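This report concerns only the one structure given below.
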2 protein chains.
Amino acid sequence: MNAAVAAPTQKCTECPIRHRAVCAHCNPLELQELDEIKYYRSFEAGQTVIWAGDKMGFVGTVITGVATLTQTMEDGRTQMVGLLLPSDFVGRPGRDTAAYNVIATTDIVMCCFRKKPFEDLMARTPHIAHRLLEMTLDELDAAREWMLVLGRKTAREKIASLLSIVARRDASIAKKATVGPLVFDLPLTREAMADYLGLTLETVSRQISALKKDGVIEMQGKRHITVPDMGRLMEEAGDDADGGFLV
Amino acid sequence: MNAAVAAPTQKCTECPIRHRAVCAHCNPLELQELDEIKYYRSFEAGQTVIWAGDKMGFVGTVITGVATLTQTMEDGRTQMVGLLLPSDFVGRPGRDTAAYNVIATTDIVMCCFRKKPFEDLMARTPHIAHRLLEMTLDELDAAREWMLVLGRKTAREKIASLLSIVARRDASIAKKATVGPLVFDLPLTREAMADYLGLTLETVSRQISALKKDGVIEMQGKRHITVPDMGRLMEEAGDDADGGFLV
DNA sequence: CGTCAGCTTGAAGCGGGTCAAGTAATGTGG
DNA sequence: CCACATTACTTGACCCGCTTCAAGCTGACG
């Protein structure tokens, strides 16, 4: 199952997401050190990167594609607890078993480091430790924002919230303009969306249909989405439509 | 509203929660530096420590009592996103407005630092930065565990989850034995519990009554709780009853 | 003794879950 | 190249757990 494919390595200096990743603050010397110990791994859509509870010998950054962090109860109920997009970090220094399932939902490429060398490097490279703290604090904020979604929003608001997050992250990564209609592909199945939102896939499907019927979104196929008015979508999400960018 | 009461200062070396706080890894020299710039503040039960969006000139640690972190939507729906118990850290270095409302639910005492001096100290004290990263990662895990509670658990499981968290943290702080009956006080009103669990206060009340009727908990008054069998409570919470301590 | 915040309990309604059937797109083997 | 299976999704009908609305209880405090 875990047959990761080797991917062609590229120079850190040419890395498209370096300015957002854990190595964002590194100087050329530090980058060269990283260059020497890093290795790339690819996973196909649907593959499990790591199971909760398994020993995790590496940490890494998502370069391209989308992965999910999920938690499962004994009876099978599952909750997604994180969406890993390009530049997001996987793994926790100082812990050697994975706390969550990491699953590739699209084909992904990751930039990995064996845990021990990375921890050593981190101990003597404040730039990395500092950036990791920054990223962890951002993730904590995102998790807390998601607690509001899960605890207090209606199904319709939940869908609108998810769409607006994906739309914003997509625009931010592709450095597209944030005015005018936004167009993007949903990287998640209806079931994955349901697991993210604490809903059933039937409810997800119904609410997407409803948003489409009401003109909040337009769809070409089942995954390709156009948002004609981002403000409208954010209103539907129950957020201030002030366009504040959290990502 | 924000009339914090000054509290008697005590030496860091005598601090009861130092081994769990942000200063846990500090050596005597570093502790002395902290001693010089710290100040204590007290808040009464019900007082707001800080409003979301307000300028936050300090960071700090809860020494005694309980506070909550909450998020509110325009129409008044509120979700608690964090429970601050003794040794928990408040505030985010590198950001100068508060992201959430911080409200004292019991009388509390906090150990505070003005933000700038603390940030300076952190920049040249890896022990503090390292401990803060550790604590932030723990909080992220707690937030993610809570996402499962909010997204996938029933009302009864939610209540059992909250009780088991409070029971465990209480036992851990008081260094009590973790076998045999656990006894503790609920530091939250039914409404605060509802805001934590994404429920209404009526549902909270009903489910507590149900757990009492079924012998999972015993109550003396409305806040004082006895858990005769912690394993049973954790089963009700839908968790593995393996006693794994996350806190 | 009255008041009020915090809590409990009841009755009714509804949002989202469950179960079930059907569609569309894609792959697969004969 | 077609019959068939499979995966992903949609839609409908019914039901239940939680919310909503409402009334009453309890204990602390003036």
Side-chain angles (χ1 to χ4, degrees), chain A residues 44-47 68 73 75-79 103 105-106 149-163 185-214 217 219-225 236 238, chain B residues 44-47 66 68 73 75-79 103 105-107 149-163 185-214 217 219-225 236 238:
Chain A
E44 285 171 26
Q47 263 192 311
T68 64
M73 293 173 68
D75 62 8
R77 280 176 282 177
T78 77
Q79 175 66 49
I103 301 171
T105 59
T106 66
V149 173
L150 290 171
R152 292 303 186 191
K153 291 195 178 180
T154 64
R156 185 181 175 100
E157 288 169 336
K158 284 179 175 182
I159 298 290
S161 298
L162 176 58
L163 293 178
D185 280 306
L186 265 179
L188 302 173
T189 64
R190 298 291 185 264
E191 189 182 14
M193 293 174 69
D195 285 343
Y196 202 173
L197 298 167
L199 297 170
T200 59
L201 67 91
E202 293 94 330
T203 300
V204 169
S205 185
R206 273 186 257 271
Q207 296 299 336
I208 289 181
S209 298
L211 288 175
K212 189 168 56 179
K213 186 166 70 63
D214 297 345
I217 57 174
M219 296 182 71
Q220 298 80 40
K222 295 177 186 312
R223 299 286 195 93
H224 198 71
I225 297 203
E236 290 285 355
Chain B
E44 285 170 27
Q47 263 192 312
V66 178
T68 64
M73 294 171 69
D75 60 8
R77 281 176 281 177
T78 77
Q79 174 66 49
I103 301 170
T105 59
T106 66
D107 290 353
V149 172
L150 289 172
R152 292 304 186 192
K153 291 194 178 178
T154 64
R156 185 181 174 100
E157 288 169 336
K158 285 180 175 182
I159 297 290
S161 298
L162 176 58
L163 293 179
D185 281 306
L186 265 180
L188 302 173
T189 64
R190 299 291 186 263
E191 188 181 15
M193 294 175 69
D195 284 343
Y196 202 173
L197 298 167
L199 297 170
T200 59
L201 67 91
E202 292 95 331
T203 299
V204 169
S205 184
R206 275 186 256 269
Q207 296 298 336
I208 288 180
S209 298
L211 288 176
K212 188 169 56 180
K213 187 165 69 66
D214 297 346
I217 57 173
M219 295 181 71
Q220 298 79 40
K222 294 175 186 311
R223 297 288 194 92
H224 197 71
I225 297 203
E236 291 285 354

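What you see is a predicted model, and the numbers here were worked out from it, not measured in a lab. Each chain gets a letter, A, B and so on, in the order the sequences are listed, and its residues count up from 1.
Counting any heavy atom pair closer than 4.0 Å across all strands shown, A:L201 reaches a base atom. Across all strands shown, B:R156 has no heavy atoms under 4.0 Å from either base or sugar-phosphate atoms. Backbone-only contact: B:T189 has heavy atoms under 4.0 Å from sugar-phosphate atoms and none from a base. Residue A:G221 is classed as having no contact, given no heavy-atom separation below 4.0 Å to the nucleic acid.
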Next on the checklist: Would B:T68 and B:D195 count as a side chain to side chain contact (heavy atoms under 4.5 Å, CB included) here? Give the steps.
Outcome noted: CA-CA 10 Å; B:T68 64; B:D195 284 343; over 6 Å; no
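Within the structure, every side-chain polar atom (N or O) of B:R206 is placed at least 4.0 Å from both OP1 and OP2 of D:dC18. Residue B:T154 places none of its side-chain N or O atoms closer than 4.0 Å to OP1 or OP2 of D:dG17.
With hydrogens and angles ignored, no donor-acceptor pair closer than 3.5 Å exists between the side chain of B:E202 and the base of D:dC18.
Toward the 5' end of DNA chain C, the nearer of the two residues A:Q207 and A:K222, judged by each one's closest nucleotide, is A:Q207.
The nearest pair of heavy atoms linking B:R152 to A:R77 is O-NH1, 2.9 Å.
Using a 4.5 Å cut-off on side-chain heavy atoms (C-beta onward), B:L201 and B:T189 make no contact. Annotation: side chain of A:I159 is in contact with side chain of A:L197 (closest heavy-atom distance under 4.5 Å).
Along DNA chain C, read 5' to 3', the first and last nucleotides having any atom under 4.0 Å from a heavy atom of chain A are C:dG16 to C:dC19.
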